[in-house]
Amino acid sequence: MTEEEMRKRLELLRIEHRDLDAAIDALNASGSTDQLQIARLKKRKLILKDQIAQIEDYLIPDIIA
């Protein structure tokens, strides 16, 4: 996967993460009692967060001072 493809993937993951955040907030605001659905969305959000962190770590290498 090229660096450009990784940057595109990173942006898509960030968008999906934001969308999940909005969906979770909407479910909570509506007083939804479907805790299983909310838990699944939160789990997916955590998985996306890990994927985002992995790509960011690859694209932004540590600088040793």
Side-chain angles (χ1 to χ4, degrees):
M1 187 180 285
T2 67
E3 185 175 329
E4 183 178 332
E5 291 172 336
M6 291 183 83
R7 290 188 188 282
K8 288 179 184 177
R9 174 81 174 134
L10 180 61
E11 185 58 30
L12 292 174
L13 291 172
R14 286 179 175 159
I15 290 169
E16 186 177 353
H17 188 268
R18 276 192 305 265
D19 290 347
L20 284 172
D21 199 29
I24 292 167
D25 288 343
L27 284 172
N28 285 328
S30 71
S32 175
T33 57
D34 190 358
Q35 295 301 313
L36 183 59
Q37 176 70 15
I38 293 172
R40 286 178 179 157
L41 292 174
K42 286 182 177 182
K43 184 175 181 179
R44 175 69 181 144
K45 189 176 160 191
L46 285 174
I47 291 169
L48 289 174
K49 183 178 177 183
D50 289 343
Q51 290 175 346
I52 289 168
Q54 285 177 339
I55 294 174
E56 285 175 340
D57 287 346
Y58 180 80
L59 291 175
I60 306 167
D62 290 338
I63 299 174
I64 299 174

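What's counted below: heavy atoms across the whole structure, side chains too, no hydrogens, waters or symmetry copies.
- The side-chain hydrogen bond (donor to acceptor under 3.5 Å, both in side chains) test applied to Glu4 returns Lys8, not counting sequence neighbours.
- Rounded to the nearest 0.5 Å, atoms CD1 (Ile38) and CD (Gln35) are 4.5 Å apart.
- With sequence neighbours excluded, the residues satisfying side-chain hydrogen bond (donor to acceptor under 3.5 Å, both in side chains) with Arg7 are Glu3.
- For Arg18, there are no side-chain hydrogen bond (donor to acceptor under 3.5 Å, both in side chains) partners two or more places apart in sequence or in a different chain.
- One hydrophobic cluster, built from ILVMFWY side chains closer than 4.5 Å, holds both Met1 and Leu13.
- For Lys42, the salt bridge (Lys or Arg N to Asp or Glu O under 4.0 Å) criterion is met by no residue, not counting sequence neighbours.
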Side chains of residues 22-31: which donor-acceptor partners sit under 3.5 Å, not counting sequence neighbours?
from	atom 1	to	atom 2	distance (Å)
Asn28	ND2	Ile24	O	3.3
Ser30	OG	Ala26	O	3.3
Ser30	OG	Leu27	O	3.0

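- Evaluation of the salt bridge (Lys or Arg N to Asp or Glu O under 4.0 Å) rule for Arg40 yields no partner, not counting sequence neighbours.
- Glu5 meets the salt bridge (Lys or Arg N to Asp or Glu O under 4.0 Å) test with no other residue; sequence neighbours excluded.
- To the nearest 0.5 Å, the span separating CG on Leu41 from CG on Leu46 amounts to 11.5 Å.
- The distance from atom CZ of Arg44 to atom NE2 of His17, rounded to the nearest 0.5 Å, is 10.5 Å.
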What side-chain donor-acceptor pairs closer than 3.5 Å can you find for residues 48-59, not counting sequence neighbours?
from	atom 1	to	atom 2	distance (Å)
Glu56	OE2	Arg14	NH2	2.4

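- Residues that satisfy the salt bridge (Lys or Arg N to Asp or Glu O under 4.0 Å) test with Asp21, not counting sequence neighbours, are Lys45.
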